[in-house]
Colleague: 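Here it is, the structure in full.
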Amino acid sequence: VVRRGVVASAGARDGLPTNAVAAPVAPLAPTSAEAIADNISAQSVKGGAMPLTFETPDMYRATAESVREQLMQNWNATYRTFHAENPKQAYYLSMEFLQGRALTNAIGNLGLTGEYSDALKTLGYTLEEVMEVEKNAGLGNGGLGRLASCFLDSIATLSLPAWGYGLRYRYGLFKQSIDPTTGQQIEAADDWLEVGNPWEVKRETAHTVSFYGKVVDGKWHPGQSIRAVAYDSPIPGYKTKNCISLRLWDAVPAAGEFDLVAYNAGDYKKSMAETNLAAQLCAVLYPGDATREGKALRLCQQYMLCSASVQDILQRWKERGNTNWDELASKVAIQMNDTHPTLAAPELMRILMDHEGLTFEKAWAITTKTVAYTNHTVMPEALERWPLDLMEELLPRHMEIIKRIDTEFVASVKAHYPTMEPAELQRKINTMRVLENYVEPAAAAAAAGSL
C-alpha cells in the first residue's frame, strides 16, 4: 500500500515485484475497509510517472478516483436505464451550482464513510485531512446555486430521471482577504481547477453556439461561433443506485472559425476573435455588467448555456427513438432556474422553426408545454433587462422570435379583456409584456403619420 511520505509503487501484495512499473488492476466496487485500501493503493499508481513523494493531496486524488470508480457502475447503469425506458426526463438549467465537497457527499451517499475512514487510517491518513484537500467547485456563490445543487441531490435520492446543466467556470468564486493597512476587502481569482477535477469526465459531445451576424429571409447567418464541450460529474442519490449527471459546458474555439489568412497577415485581433470569446465565456461567474462589453459577455454566457443545453436535450430525445414533436412535452421538461436561462425558450423555438420546419404556432404550443420557469424574487431590480439594440446585435434571429412572442401575447390579452377601459388595459399590458418601453413599428408609423 502507499503510505504517507513514500514513493508510490506497486507492492508485493499486488502479485507483482516491488519494483514493477506496471500499475495493478484496481478491484471494482470494494465494500470492506481492506478492499478499499487496496483499491486506493491501486489508484495511486495509475498516473504513470511516479512522484518522489506521496503526500496528502496525492492521497486525496487516489481516494477520489476510488470513489468515482464506485460511482461509475451506478452512473452507467442509470444512464442505460433512462435510455431503455425512455421516461419523461427533467432538465434543470442554472447559471450556478454550489455543490460543496464531492468526496464526503459521495461516500456518505454510498454508505461507506466508515469503511473509507478505516481504509485511510491503514494507509497513514485520516478522512478529515484528506477531504480538506478538495477545493469547493467554483460554480456558484449563493443561495441560487445551493438550491440548484440540493434539487439535484434530492432528485437523485428519489430515483427520478433528471440532469443538471451549467457552465464550467474557471474562476467561479473569489478568494477573499483583508488588506492589513486599509482594512479593505481584497478579491483575487480562485482557480479551483488548477490541479484538475477528479470527479468530472470530459465527453466527446460538443455543440456549436453562434452569435452576432444577420438574418436574411428568415435564415440566421452568424458572425461568430464557438464549440460548447461537455464535462459530466456524477450526482449520487442517498442509499440508492440512481446516479444522475451534472453536465457543464466549457467553451473552445471552433477549428473552422480560425482565420489563418488574417493571422498570417498580422491581423491577430480578427484571427483570434473566436479564441478570445471562448476564453472569456467560461472565465468568471457573473462578469461585471456596468459596461456594454460586460453586458454582452454576460448575455453570451447565458445564451451559451441555453443553446448548448437545448441542442443536447433534443439530441438525446432523438437518440431514444422519439420522432413526434407533438409528444416532446411528454418526454422532456426544461426547468429554468431564475431569469438567467430564459433564452432557452426562444432557442427552442428557433430550432423547431428553423431546423425542424415547424410553424410559429406549432413551435410555440410545444414550447409552452415543455419549458417552465422558477422565479426566486418579485423585486423588479432583481429581474434582468437587456437593451434592445444589444439583443438585436448579439442574437438577431432570437429577437425576431421574441418580438413575435410579445406581439402574440399582447393580442391575446386584448382579446381576453374586450370590455376593459383602453387606458387601463394598456397600463396592465405594459407591466406584463416581454418588451418594455417598446413601440411596435406599425404603431410608431401611425403616430408619425398623425403629426
Side-chain angles (χ1 to χ4, degrees), residues 92-95 143-144 147 215 218 286 289-290 292 295-296 298-299 302-303 305-306 310 328-329 332-353 358-451:
Y92 197 76
L93 276 61
S94 178
M95 288 293 285
L144 187 75
L147 177 67
V215 180
Y286 300 144
D289 59 355
R292 181 179 175 84
K295 286 183 173 67
R298 187 177 289 200
L299 189 57
Q302 296 183 6
Y303 177 63
L305 168 63
C306 296
V310 171
L328 179 66
V332 171
I334 300 174
Q335 187 70 29
M336 303 178 294
N337 188 26
D338 210 13
T339 57
H340 313 118
T342 49
L343 282 169
E347 174 66 0
L348 178 57
M349 290 285 293
R350 182 189 70 84
I351 293 174
L352 293 177
M353 294 167 62
L358 274 62
T359 64
F360 174 90
E361 291 75 15
K362 189 167 185 178
W364 182 240
I366 294 170
T367 299
T368 55
K369 296 175 184 176
T370 305
V371 177
Y373 163 68
T374 300
N375 183 40
H376 291 275
T377 178
V378 295
M379 295 186 296
E381 60 270 23
L383 301 177
E384 291 183 306
R385 292 177 173 85
W386 299 103
L388 180 62
D389 62 332
L390 178 62
M391 285 285 293
E392 290 179 326
E393 177 187 358
L394 185 64
L395 300 170
R397 176 57 177 146
H398 296 76
M399 274 311 304
E400 289 186 347
I401 295 171
I402 291 170
K403 287 180 179 179
R404 176 75 183 275
I405 292 171
D406 182 70
T407 299
E408 296 289 337
F409 171 74
V410 170
S412 69
V413 173
K414 290 180 177 179
H416 195 74
Y417 297 100
T419 60
M420 183 175 289
E421 198 274 323
E424 176 66 11
L425 179 61
Q426 190 60 48
R427 186 189 68 81
K428 290 183 178 294
I429 288 174
N430 290 340
T431 63
M432 295 185 292
R433 67 184 305 176
V434 179
L435 301 176
E436 188 179 55
N437 299 324
Y438 172 71
V439 180
E440 297 179 17
S450 63
L451 295 179

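This is a predicted model, so every value here is computed, not measured.
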Colleague: Between P341 and M336, what is the shortest heavy-atom contact and its length?
Modeller: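 Reported closest heavy-atom pair: O-SD, 3.3 Å.
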
Colleague: Over all heavy atoms of both residues, which pair between C306 and A344 is shortest? Give the atoms and the distance, please.
Modeller: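 So the minimum-distance heavy-atom pair works out to SG-N, 3.4 Å.
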
Colleague: Tell me whether N430 contacts the main-chain N or O of Q426 through its side chain, where contact means a donor paired with an acceptor under 3.5 Å.
Modeller: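 Yes.
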
Colleague: Taking only residues two or more places apart in sequence, or in another chain, which ones meet K369 in a salt bridge (charged side-chain N to carboxylate O under 4.0 Å, His left out)?
Modeller: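 Result, salt bridge (charged side-chain N to carboxylate O under 4.0 Å, His left out) vs K369: none returned.
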
Colleague: Looking at CG of L348 and OG1 of T367, how far apart are the two atoms once the value is rounded to the nearest 0.5 Å?
Modeller: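 The OG1 atom of T367 is 4.0 Å from CG of L348, to the nearest 0.5 Å.
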
Colleague: Does any pair with a residue in residues 383-392 pass side-chain hydrogen bond (donor to acceptor under 3.5 Å, both in side chains), and if so which ones, sequence neighbours excluded?
Modeller: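 Residue pairs with at least one partner in residues 383-392: R292-D389, Q302-E384, T339-E384, R385-E436, E392-K403.
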
Colleague: Check V332 against T370 and note the closest heavy-atom contact, atom names and distance.
Modeller: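 Smallest heavy-atom distance, with atoms named: O-CG2, 3.6 Å.
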
Colleague: How long is the gap from OG1 on T342 to CG on L93, to the nearest 0.5 Å?
Modeller: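 Output value for this atom pair is 10.5 Å.
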
Colleague: So, are R404 and E400 salt-bridged, with charged N and O less than 4.0 Å apart?
Modeller: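 Between E400 and R404 there is no salt bridge, as every charged N stays at least 4.0 Å from the carboxylate O atoms.
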
Colleague: Do V413 and L425 have side-chain heavy atoms sitting under 4.5 Å apart?
Modeller: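 A side-chain contact under 4.5 Å exists here.
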
Colleague: Roughly how far apart are I366 CD1 and M353 CE, rounded to 0.5 Å?
Modeller: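 It is 11.5 Å, given to the nearest 0.5 Å.
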
Colleague: Please round to the nearest 0.5 Å and tell me the distance separating atom CG of L388 and atom CG of L435.
Modeller: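 Those atoms lie 6.5 Å apart.
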
Colleague: Start with the C-alpha distance between H376 and L144, add both sets of side-chain angles, then the distance that settles side-chain contact (heavy atoms from CB on, under 4.5 Å), and finish with yes or no.
Modeller: CA-CA 8 Å; H376 291 275; L144 187 75; 3.4 Å; yes

Colleague: Evaluate the side-chain proximity of I405 to F360: yes if any heavy-atom separation is below 4.5 Å, no if none is.
Modeller: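 Yes; the side chains approach each other to less than 4.5 Å.
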
Colleague: Does any part of the side chain of L343, heavy atoms only, come nearer than 4.5 Å to the side chain of L395, both counted from C-beta?
Modeller: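 They are in side-chain contact.
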
Colleague: So Y303 and H398, would you call those rings parallel, tilted or perpendicular, with 30° and 60° as cut-offs?
Modeller: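 The arrangement is perpendicular - the two ring planes meet at more than 60°.
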
Colleague: For the residue pair Y373 and N337, establish whether any side-chain heavy-atom pair is separated by less than 4.5 Å.
Modeller: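 They are not in contact (no side-chain heavy atoms under 4.5 Å apart), so the answer is no.
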
Colleague: Out of curiosity, D289 CG to K295 NZ, how far, rounded to the nearest 0.5 Å?
Modeller: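 Separation between the atoms: 5.5 Å.
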
Colleague: Could you measure the distance from the CG atom of N375 to the CG atom of D338? Nearest 0.5 Å is fine.
Modeller: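 N375 atom CG to D338 atom CG measures 6.5 Å (nearest 0.5 Å).
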
Colleague: Using the side-chain hydrogen bond (donor to acceptor under 3.5 Å, both in side chains) rule, collect all pairs that involve residues 411-421, keeping only residues at least two apart or in two chains.
Modeller: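 Every pair satisfying side-chain hydrogen bond (donor to acceptor under 3.5 Å, both in side chains) with a residue in residues 411-421: there are none.
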
Colleague: Are any non-hydrogen side-chain atoms of E347 and I401 less than 4.5 angstrom apart?
Modeller: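 With C-beta onward as the side chain, the pair stays apart.
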
Colleague: Carefully, step by step, assess F409 and I429 under the rule side-chain contact (heavy atoms from CB on, under 4.5 Å).
Modeller: CA-CA 9 Å; F409 171 74; I429 288 174; 5.6 Å; no

